[in-house]
Amino acid sequence: MAALAYPGAPAPPASGFAVPAVPGNLRPRLTSFVGRQAEVEALRRRLRESRLITLTGPGGSGKTRLSEETAATAAGAYPDGVWVAELAPLDDPSAVPGTVLSAVGRRDTTWLGAGFDSRTTGPDGADPTARLIEHCAHRRLLLLLDNCEHVIDAAARLAETLLAHCPGVTVLATSREPLGVPGETVRPVEPLLPAPAHQLFAERATAVRPGFAADQDRETAAAVAEICRRLDGLPLAIELAAARLRLLTPRQIADRLDDRFRLLTSGSRTVLPRQQTLRAVVDWSWDLLDERERTLLRRAAVFTGGWDLAAAEAVCADGPDTDPGTGPDTDPGTGPDTAPAGPGAAAPDDATVPGERVRIERADVLDLLGALVDKSLLVAEQPPRRSGGDEPGRAGPARAVPGHAGPGGDGPGGDGREGVDRDGRDGGGAGAGEPGTGGPGAGEPDGMRYRMLETIHEYATERAAETPGARRDHLAAIRRHTAHFRAFVRTAEPRLRSAEQLPWLRRVETELDNLRAALHRSLQAGDTDSALALVFGLGWFWWLRNYRDEGASWIDRLLGVLAPGVLPVLAREGAPAPAAGGPAGRPDPLDIADLQLLRYFLLSDERSDEELRSPPSLAVAVAIRDAYSGHTGPRSARFPGVLWPFAAYFTDGRAGVLRLLDQAVVNCREHRAEWALAVALMFRTHLVIDMPGGVRRAELHWPELRELSRRVGDRWVLAQVHGANGEMAMAHGRYAEARASYEEALRLARELGALAETPFLVTRLADLAFQTLETDEALRLLEQADAEADRYATYDARAFIRLLRAFIAVRNDDAAAARTLYEEARQASARSSPPPQADVALHGLDAWLTAAAGNLPEALRKAGGALRMGVESGCTEAVQAHQAMIAAGILLRMGEPGRAGQMLGAAKGWLGGLPPTPVQAEQIADIERKAGAALGARRYAEHHAAGMGLSALDCVALLDTVLAASGRHRATDGGSGAGPAGTGASRTDGHPH
């Protein structure tokens, strides 16, 4: 019968498209794609000619499905993948670049290195657009921007910027209107033709009513044809109509649609006809709901991006002391989360709305959700399968960490503050066992989730605003939504710093759109107490998962509410706190201090030294330092207050920070805050390791730090501790232990999703291999590190990799390759903020290369400059000893074997018993052999012994003396320089300096 009605209708495909075998996040569909194969082929051809195609059309016309099907079939042309950025959940246009950045997989975690040494993706690392350009500039990929209409200007600007700076990027957008970008190809998505519309209804009807046949008789076929025609061939409307076959026959559906169209036609004539038709379909679905189902659908519209059962019970059910229809006396129509009634929406008098007398209990929510899912107004989604926590960038079940304390006492947070907001403030009213505080909401991370189609969400939001009573009910749901997610964050925050952090990172990321909505609404409503609780509760998550720029943006917004237009004067803890919030009060100055500190921390790794040393940044740093300095309050013994010593980094230097960290350690001990104590000790260890006497000073608290890190279970802290242990083991010559520590830190980094840090750890393993004479293994690891650094655009890692490659070339006496690699390292370093020891190493390498080129006096001058720089920046003795070895080699070539022996003696004295690495031992042995041959063993030993007591500045003076003598010699010889090989013996009888 269907063939009679629509001859030539194609047979339905068995399933949706398969995931293409290229990178990307394009998801397979579980339903067939019907009726637009010719359009897919036409779009594929057009993609070869145009770099920006926008599919336009009304909601429900199938733009998203058509774009995904086209992308799946064209994926082979894009070796770097097909990436979908879903913009529908956004309510802030400024979030568009960050959302797209997340979609292409560039939200990766990094951690802080030694002290506050930068681990940055470049000076523009905090700008999502710049990072996106940097990621895409050399890639060939297809980017799908889905649902642009509500953020049209931001989406257009981003598309134009990407097309201008990334020649390999093609953009396929969906929107209800064109983007208006030069070069844009606009392709309207037309309604389905009768045959594919009939086929779509038949297939979806079979899923709802097994055995249904649209061609079972002429009456049924005619009714289906009428439904498809009257719905203008809009896929969403057809699918919603087919879903009603659970309750109605096709003829009943067709007859009811007729009534709906007449109702809609008599409404507003200012919207497009297709919008009227779609609204009629949804109006019809609405009319099939009972009052409790309608109430729950309106309340569920406060969610953004989806929700689980626990959230639905907390938000959609009435509170224990809430009367239906009650709310604030203020007119909610001016609030941020209301919308005018739609063209087809009825607006009866408040007293005539029956839904206002409905009360929903928590026990009723599950059945009501099921009813709405059955009627296709909600979508129920199975949780993704989890394969564990080792997949990069994804969190899996937590691994057991020996010695970890469970919840309560010194549990996840290590500070005995489980489930309590900052300063004892209530976290939103959830009691023990309630959602968000360890009850059902916290215990079902992989349960079913629910969401609304975009059109349904818009419709439900408008229904929630159609009467004063509905608006009051909607605002009450918003308050419950904010309270629920404030309680959720309160529960999550200590667990994000514990052995439980992997599943909780996933849970927080899953709820991120709802958390953003709660923050946005709190700020717009002036609810600074909730906004503070959410910001402080999310701070560690923003740091771990590299949402640092977004976190700083939220802090800026909150500071704009609390202290607009001024740099706050921060008070010391313990001073009388003024009333917080409210038009008549002032914000708590300690809240301002914590916000400024958290912002400083989040941006520290993504700002250049120049930015952090700017007058405004220094003024904030001084204010933070002065607010906390000398006090012993509990606020500075938890996050973010425990980080306050680093505010002094650019005002007092590393030595100043170390003094303040010692104060922080004492304070954390007094308040028995284990996680904060572990963090303070860890930062202290990393700081002192790179300072004179560092290894021995770092070992002072080492046993306690290792035990604390195991007990608190935070993988970020554990990875930092393993990295530090690798450095100390390597300094002592325990190379197997160093390798094991670096490998464990690398495993933890990957488990945590700290993908931008992995190139550094792989390079450390390569350095270890090089220092132990395993050059082939070092080169293999450097290839791996190079690939990962390129993938994540980590310029600091690139500089480290090129520098190590250059030293390998030096050992192989390949000066040309070493010079090329030095230049690459120097350029990469200029684009980032390397630690001081990296700059010193670069200067030492330059000295060696200058000597290899034959300019020995200039090489010696550069070697002296590297030593002086090491003194001024407070580098370790090991770094200085390496520079002394380079200077000794240059002195030997200049015919100064005695001075060379003194430099080696000084280097040995600085190491203080720490063994040189095998590579360094080779270099030392070569210099000693040549110098001993020139001087004789006894005289060489005298020079070597004389150098043992020299300081680094003494050695600089020694080099200056040699340079001065060299200058007089060149003047006597008419300016000719020394030869490349220091074989002369004119000064071999010199005395020790």
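Residue numbers run from 1 in the order of the sequence given. For the numbers below, each heavy atom of this structure counts, side chains included, while hydrogens, waters and symmetry mates do not.
Residues passing the side-chain hydrogen bond (donor to acceptor under 3.5 Å, both in side chains) test with Thr129, sequence neighbours excluded: none. Under the salt bridge (Lys or Arg N to Asp or Glu O under 4.0 Å) criterion, Glu86 pairs with Arg27, sequence neighbours left out. Remark: Arg139 engages Asp80, His135, Leu141, Arg791 in a side chain to side chain contact (heavy atoms under 4.5 Å, CB included) (not counting sequence neighbours). In terms of the salt bridge (Lys or Arg N to Asp or Glu O under 4.0 Å) criterion, Arg51 has no residue partners (sequence neighbours excluded). Shown here are the side chain to side chain contact (heavy atoms under 4.5 Å, CB included) partners of Val762, two or more places apart in sequence or in another chain: Leu746, Arg750, Leu781, Gln784, Ala785, Glu788. The ring pair (Phe, Tyr, Trp, His ring centres under 6.0 Å) check on Phe303 picks up Trp307, His481, with sequence neighbours excluded. A search for side-chain hydrogen bond (donor to acceptor under 3.5 Å, both in side chains) contacts involving Glu783 returns Arg805, not counting sequence neighbours. When the salt bridge (Lys or Arg N to Asp or Glu O under 4.0 Å) test is applied to Glu823, the partners found at least two apart in sequence or on another chain are Arg819, Arg826. Remark: Glu493 engages Arg497 in a side-chain hydrogen bond (donor to acceptor under 3.5 Å, both in side chains) (not counting sequence neighbours). A search for side-chain hydrogen bond (donor to acceptor under 3.5 Å, both in side chains) contacts involving Arg187 returns nothing, not counting sequence neighbours.
Note on ring orientation: taking the six-membered ring where Trp is involved, the planes of Trp504 and Phe488 are tilted (angle from 30° to 60°).
Counting heavy atoms from C-beta outward, Leu143 and Thr170 have side chains that stay 4.5 Å or more apart. Contact of the Gln524 side chain with the His520 side chain is registered, since non-hydrogen atoms from C-beta on lie closer than 4.5 Å. The closest side-chain heavy-atom distance from Trp675 to Val679 is below 4.5 Å. Residues Val840 and Ser873 have side chains in contact (heavy-atom distance under 4.5 Å, counting atoms from C-beta outward). In this structure the side chain of Leu172 never reaches within 4.5 angstrom of the side chain of Leu145, judged on heavy atoms. The side-chain heavy atoms of Leu559 and Gln596, taken from C-beta on, include a pair separated by under 4.5 Å. With contacts defined as side-chain heavy-atom distances shorter than 4.5 Å, the pair Thr304/Asp91 does not qualify. For the pair Leu52/Thr185, no side-chain contact is recorded, criterion being any heavy-atom separation below 4.5 Å from C-beta on.
Here the CH2 atom belonging to Trp542 is positioned 11.0 Å from the CG atom belonging to Asp549, to the nearest 0.5 angstrom. Rounded to the nearest 0.5 Å, atoms CG (Leu597) and CG (Leu643) are 5.5 Å apart. For the atom pair CG of Leu101 and CG of Leu132, the computed distance is 5.5 Å after rounding to the nearest 0.5 Å. Within the model, atoms CG of Leu512 and OG of Ser102 stand 8.0 Å from one another, a figure rounded to the nearest 0.5 Å.
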Exercise for the section: May I have the step-by-step check of salt bridge (charged side-chain N to carboxylate O under 4.0 Å, His left out) for Arg798 and Asp786, ending in yes or no? Expected result: CA-CA 7 Å; Arg798 289 175 181 173; Asp786 224 352; 5.9 Å; no
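Of the possible donor and acceptor atoms, none in the side chain of Asn514 sits under 3.5 Å from a partner among the backbone N and O of Phe485. Between the side chain of His843 and the backbone N or O of Asp839 there is at least one donor-acceptor pair closer than 3.5 Å. Not a single donor-acceptor pair under 3.5 Å links the side chain of Arg545 to the backbone N or O of Val508. For the pair Arg715 (side chain) and Leu752 (backbone), a donor-acceptor distance under 3.5 Å is absent.
Pairs of residues two or more places apart, or lying in two chains, that qualify as side-chain hydrogen bond (donor to acceptor under 3.5 Å, both in side chains) and include a residue from residues 141-153 are Thr64-Asp146, Asp146-Thr174.
One side chain, Tyr547 or Glu509, offers a donor N or O that lies under 3.5 Å from an acceptor on the other. Judged by distance alone, the side chains of Ser530 and Ser522 never bring a donor and an acceptor atom under 3.5 Å apart.
You'll find the ring centres of Phe601 and Phe646 outside the 6.0 Å limit.
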For a quick test of your reading: what N or O donor-acceptor pairs under 3.5 Å do the side chains of residues 154-166 make, sequence neighbours left out?
unit_1, atom_1, unit_2, atom_2, d
Thr161, OG1, Arg157, O, 2.8
His165, ND1, Thr161, O, 3.0

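Using a 4.0 Å cut-off between a side-chain N of Lys or Arg and a carboxylate O of Asp or Glu, Asp767 and Arg764 do not qualify as a salt bridge. A salt bridge links Arg516 with Glu550: at least one charged nitrogen is closer than 4.0 Å to a carboxylate oxygen.
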